[in-house]
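Have a look at the structure below before the remarks.
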Amino acid sequence: MPAERDVRLRMYEQMVTSRYFEEAIKLAYLEGKQPLFNMAKGPIPGEMHLSSGQEPCAVGVCAHLRHDDSVTATHRAHHIAIAKGVALNAMTAEIFGKRDGLSGGRGGHMHLFDSAVNFCCSGIVAQGMGPAVGAALAAKLAGSDAVAVSFIGEGAANQGAFHESLNLAAVWKAPVIFVIEDNAWGISVAKRTSTAIARNSDRAAAYGMPGRFVPDNDIDAIYDAAGDAVHRARAGGGPTLIEIETWRLEGHFMGDAEGYRPGGEVADLQARDPLIVYRRRLADAGISVVEFESIERRAGRAVADALEFARKSDYPAVESAFETVFS
Amino acid sequence: MPAERDVRLRMYEQMVTSRYFEEAIKLAYLEGKQPLFNMAKGPIPGEMHLSSGQEPCAVGVCAHLRHDDSVTATHRAHHIAIAKGVALNAMTAEIFGKRDGLSGGRGGHMHLFDSAVNFCCSGIVAQGMGPAVGAALAAKLAGSDAVAVSFIGEGAANQGAFHESLNLAAVWKAPVIFVIEDNAWGISVAKRTSTAIARNSDRAAAYGMPGRFVPDNDIDAIYDAAGDAVHRARAGGGPTLIEIETWRLEGHFMGDAEGYRPGGEVADLQARDPLIVYRRRLADAGISVVEFESIERRAGRAVADALEFARKSDYPAVESAFETVFS
Amino acid sequence: MTATATATATAAPTRRLTIAKAMSEAIGLSMDADPKVIVLGEDIGALGGVFGTTQGLLERFGAARVRDTPISETAFIGAAVGLAAAGMRPIVELMFVDFFGVCMDAIYNLAAKQSYFSGGHVCCPMVLMTSVGGGYGDAGQHSQCLYATFAHLPGLKVVMPSNAYDAKGLMLSAIADANPVVFMFHKALQGMGWLGTVPGSIVHVPSEMYTVPIGRAATVRPGRDITLVGLGLTVHLALQAATTLAAQGIEAEVIDLRSIAPLDREAIAASVAKTRRLIVVDDDYRSFGVSAEVIAGACEGDVDWLSAPARITHPDVPIPYSPALEHPLLPSAAKIVEASTRLCHDKVE
Amino acid sequence: MTATATATATAAPTRRLTIAKAMSEAIGLSMDADPKVIVLGEDIGALGGVFGTTQGLLERFGAARVRDTPISETAFIGAAVGLAAAGMRPIVELMFVDFFGVCMDAIYNLAAKQSYFSGGHVCCPMVLMTSVGGGYGDAGQHSQCLYATFAHLPGLKVVMPSNAYDAKGLMLSAIADANPVVFMFHKALQGMGWLGTVPGSIVHVPSEMYTVPIGRAATVRPGRDITLVGLGLTVHLALQAATTLAAQGIEAEVIDLRSIAPLDREAIAASVAKTRRLIVVDDDYRSFGVSAEVIAGACEGDVDWLSAPARITHPDVPIPYSPALEHPLLPSAAKIVEASTRLCHDKVE
Ligand SMILES: Cc1ncc(C[n+]2csc(CCOP(=O)(O)OP(=O)(O)O)c2C)c(N)n1
Ligand SMILES: Cc1ncc(C[n+]2csc(CCOP(=O)(O)OP(=O)(O)O)c2C)c(N)n1
Ligand SMILES: [Mg+2]
Ligand SMILES: [Mg+2]
């Protein structure tokens, strides 16, 4: 079933919010890193993985989720966090390493945890897959119809945890959806050189679960496929594997010169920027410029507020580094 | 193509040798462990995993192998070692923890290495799979047509290394054959409760490689399937996955009371003991009692010699424990 | 075992249990008390655990709460973290500690860091129980201890009982803990007939719930001349040595660490402040191990040593298979006596 | 760096290289000399290694010998062991040491034990190069050191250079070694522009082949009052501290371990025999780490300490992300000066 009008607008708003957020983070990240790029410097240190271009995957899937559904995400997680409803101010403050961050600056960009919406992410490829199966089993044991979604990149589909987690989910008939964001690259390694078959969704058969492939970064198709999978999981039908063709509009992390990327690839993808594509499609469906502008303004304000919140927040006291090692 | 007569007789001899060997090991293992079974006692300490019933897998596959082909095996490796041509005396001495053992008593039953025939085994489930891919790549890089075979149990097919190794082998088009001995059990856990699909050979599709299932522990069918796979690998066609239905006639290890095993299962399997089945089939094909007896005598002598060799060998000097940590 | 002694003194008749039974009993009591406690692992269902840690649990609590898993340690330990984050209290078994190499990420980078990365908002009340130790000819991939491997990494608590009383109490503490606890049990103490068992590990265990605190060592024998620090099996070796030493006029104080992380530094410091002599007995690999940490920790303090501290450990070689090689490499009471006598030479001369 | 100093003195003009370039150069020379040397890992092809360890190698040697792998560490490290057993000399990169958790079995249970389990008949000439260290805000899964985690396990050699000269020489030794060598390189010294680099790591590197022996520490600054033991980054911190201390009349001797396993116990013993004061500076987790081993090893000897040995380390908490938290937790020259002054209080009072 195609998404309702208000769902589509909410999805668009999340996509825009994510994109604006990353534009803002990008600028902030580069502060103190110019002219000499040094990851350690500026208000946001460390690696920075942007998700621009991949918003449809997050938004189209999370549109079906409730707060009590769990999501485990990857190192490239901003879009997913936003789509899952992670508190944007606290998330931003976390990325700035501030006291008001989700974990008081302990985790940072690759370790965003928001227990209010059951979201977490990780810096280890495929690490979230087992926990998603566990979250799903917990829901099942509790008699709830909550589900879990594990997002990974196509590169992660060659990690052992992928295999073990899909098999375990299938054996347990756990209500979990595995979503592969296939952006064709694992850092500099192309999917076609790292992966023995063209579509990871075909690997679902190895676990007796349905596999769906969604081409072309198409948010409506993603929404559809995810809807089926979430519905199936809530109804006790067990796990599903979905692979989505998406695109990485930026480098693997900021500072990546992308010398390995064929000339023109990024320009081609930018021309098909899913934000532009979706805006056009929504316009064709009758959304007015006024509505777009109001959505975009709201998104802009949310992001600006979040950045301001983060910047104004204090740095944590050193002693807090010794706290919460144990609960 | 069905095996030649002499190949079939050699396969039968290896099966018999393996069975006799394990009967002898079984007796020796129980020395000092009665009336109270204590793994630490007697001439052979530690865990003891017997392969009786699984001989066809080893013998049918290894019939196609040369000394320069590599085999990596598991904790349950006697039959494979014998089929690959591992020196029986040194192997037996190793199991007795003696100086003349393959590694001077350092490795033991789960760590049999014979570099003369490129055989090794391991106590970690699925550990040998990556090394087999590496051995295969080494052959390919050297321009040789040697192949590698990795034997695992069906339980190991749920370990992450399985997935990673099959994908890597396929990506590298490495001349490697993955052989799953499906004896239906991983210790006390039945395949049907641990594995999401009925046949692991169907998992080959996840790596774009051929998958073959061989039912009924049938040595001639195994010989056939393995022949195709080895031929394909030598010709540059890349990896193959084979799953063989086989049976575990003993406990997981000696001392296993097997309370988890459905009543009658072992008796049923014993009635279909592949040794008896194959002997009958060969008899039907015209092998005479005299020939059988000569083979069986030879096997019996080889085993008796090996046991005697092992028993007569000295224990290693303590200082040798400090040697060969590094080469 | 001071605690044990007390318990033994007051309770009659005694219930002498093996560590395996004590662990199973602790888990069963917890499962009775709290439906959120579940058990996952290989062969923990019908088999009751290869080392008897889950005996009778499948029958009592059913397959939904006592779940045999595929041989997929990364997935099921990861799943346990997900279960714990969702409010469950999973107990997972890693059959042999030697297998940590296939799943350490889920343990040290995931479970151990949930609390920190979430600023304490997500906790990980998970018990990872795992067997350690050799001495029975199971060779280099089934006989390791790896105490320091786990204890080095923040976010994990690591415990190991030397007897059934502590086993039950530590297990109940571990299950109640909001954090991941690695519960090591030594095969030589486990009480599985087929492995042989040091008799001292089989002691009186009260049938009710009680806890042994994590992070607290026990002084299992007081003495003034030398401190012998052990853990698990080596506690028994140290006690045996202490008896021999007493006959020679050397009074050894024996400390059972019980917790490896956090280490009870105060207990060690208090003892060496008195004895001014220290031997650590540890069946793990020698270098970069528990013995080094105990000695370094003690030496950082201002002890006026009567002789330099020493350690008795497995050497830095893989654990060999042959009994002719393995046995002489492991710590023994005789080695402890020898080293103690050497350190106390001024006393015996 | 005594070696470096010598080299620098005699060779003109100097070739100042980063560690990244020195590593790439060593690998390239070896690949030129021996067709059996190949490189495997993630992003080591077109990208030249995330940390620049394989720069230019794909172009020079082609995709058959410089092989980008899937994100399958268990499989490709396992494959490297198979390659090594077959006579090849694989160099594999584990991008961050933090990822050891997904593949440690292939390292410690497989590669490390090939020789022993085969009684020396099968060897494992493999180099595992891996980045360590933090300080640049990459948080708790990308900033760890884990020196002791590897050094504790027999069958592995573990090295880490503090400068480009040693990097090349140690890499050439590692490649020539018949055994698995874990070659750690510290991100703060690597010479990747985007990471910032301690200038002292960029030194003259002769263009020809030479080796720096595994298992031998370097005394990079002689001194009589206190021994400062460091490795990788902390060597530079210790040197910086030593300069400050010299101005206060304290002559610190600085030892660069270079090899973590085997540890050069003689070098440490010789130094502390002279100085009778010891501080170990180590950016790994505090407990059960390199610092404990160095201190314990020294204390086992019969040193008549002037003050108790001390260690300066990262504390036993996961590495926090925020610079406000991470920086104060790491060792620093100031902390070394402070501790040294404390240990030498009799001298400065
Ligand atoms: C186990 C592990 N191996 C390697 C890495 C280093 N690494 C981080 S992201 C990445 C590429 C991941 O590719 P993919 O899964 O496609 O996700 P993408 O970056 O494209 O979103 C790699 C190799 C890691 N973090 N964890
Ligand atoms: C990584 C790992 N996990 C668990 C074990 C313990 N274990 C040894 S054999 C075995 C069962 C293996 O089953 P399968 O692969 O079917 O082989 P089989 O024993 O049936 O020959 C298990 C779980 C191990 N050795 N390694
Ligand atoms: Mg990708
Ligand atoms: Mg099996």
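Residue numbers start from 1 in every chain, and the chains themselves are labelled A, B, ... in the order their sequence lines are given, proteins ahead of strands.
Chain D forms the most heavy-atom pairs under 4.5 Å with one residue out of C:L153, C:V280, C:D284, and that residue is C:D284. The most heavy-atom pairs under 4.5 Å with chain D, out of C:D105, C:T74, C:V303, come from C:D105. Note on C:P318, C:S307, C:A298: by heavy-atom pairs under 4.5 Å with chain D, the leading option is C:P318. Ranked by non-hydrogen atom pairs under 4.5 Å with chain D, the options C:A308, C:A148, C:S287 are led by C:S287. Per-residue counts of heavy-atom pairs under 4.5 Å with chain C were compared for D:Y147, D:Y285, D:F100, D:F99; the largest is that of D:Y285. Ranked by heavy-atom pairs under 4.5 Å with chain C, the list D:P154, D:A292, D:C103 is led by D:P154.
If you measure heavy-atom distances from C:V290 to chain D, the contacts under 4.5 Å come from both the backbone and the side chain. Only the side chain of D:F117 comes within contact range of chain C, with at least one heavy atom under 4.5 Å from a heavy atom of that chain. Both the backbone and the side chain of C:P320 come within contact range of chain D, judged by heavy atoms closer than 4.5 Å. Both the backbone and the side chain of D:T149 come within contact range of chain C, with heavy atoms under 4.5 Å apart. Neither the backbone nor the side chain of C:I107 comes within less than 4.5 Å of any heavy atom of chain D.
The shortest heavy-atom contact between D:G289 and C:F288 is O-CD2, 4.1 Å. When all heavy atoms of C:G140 and D:N109 are compared, the pair lying nearest together is O-OD1, 4.0 Å.
Heavy atoms of other residues, nucleotides or ligands lying less than 6.0 angstrom from CZ of D:R276 number more than 12. For CZ of D:R216, the number of neighbouring non-hydrogen atoms (other residues, nucleotides, ligands) closer than 6.0 Å is 12 at most.
In this structure, the separation between SG on C:C145 and NE2 on D:H152 is 8.5 Å, given to the nearest 0.5 Å. Distance check: C:K113 NZ to D:I319 CD1 gives 7.0 Å after rounding to the nearest 0.5 Å. Note that CD of D:Q144 and OH of C:Y108 are 4.0 Å apart. Values are rounded to the nearest 0.5 Å. D:E293 CD to C:S291 OG: the interatomic distance, rounded to the nearest 0.5 Å, is 7.0 Å. Atom CG of D:L156 and atom CG of C:D316 lie 11.5 Å apart (nearest 0.5 Å).
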Could you walk me through whether D:I295 and C:I295 satisfy the side chain to side chain contact (heavy atoms under 4.5 Å, CB included) test, starting with their C-alpha distance in whole Å, then the side-chain angles of each, then the deciding distance to 0.1 Å, before giving a yes or no? CA-CA 8 Å; D:I295 291 175; C:I295 291 175; over 6 Å; no
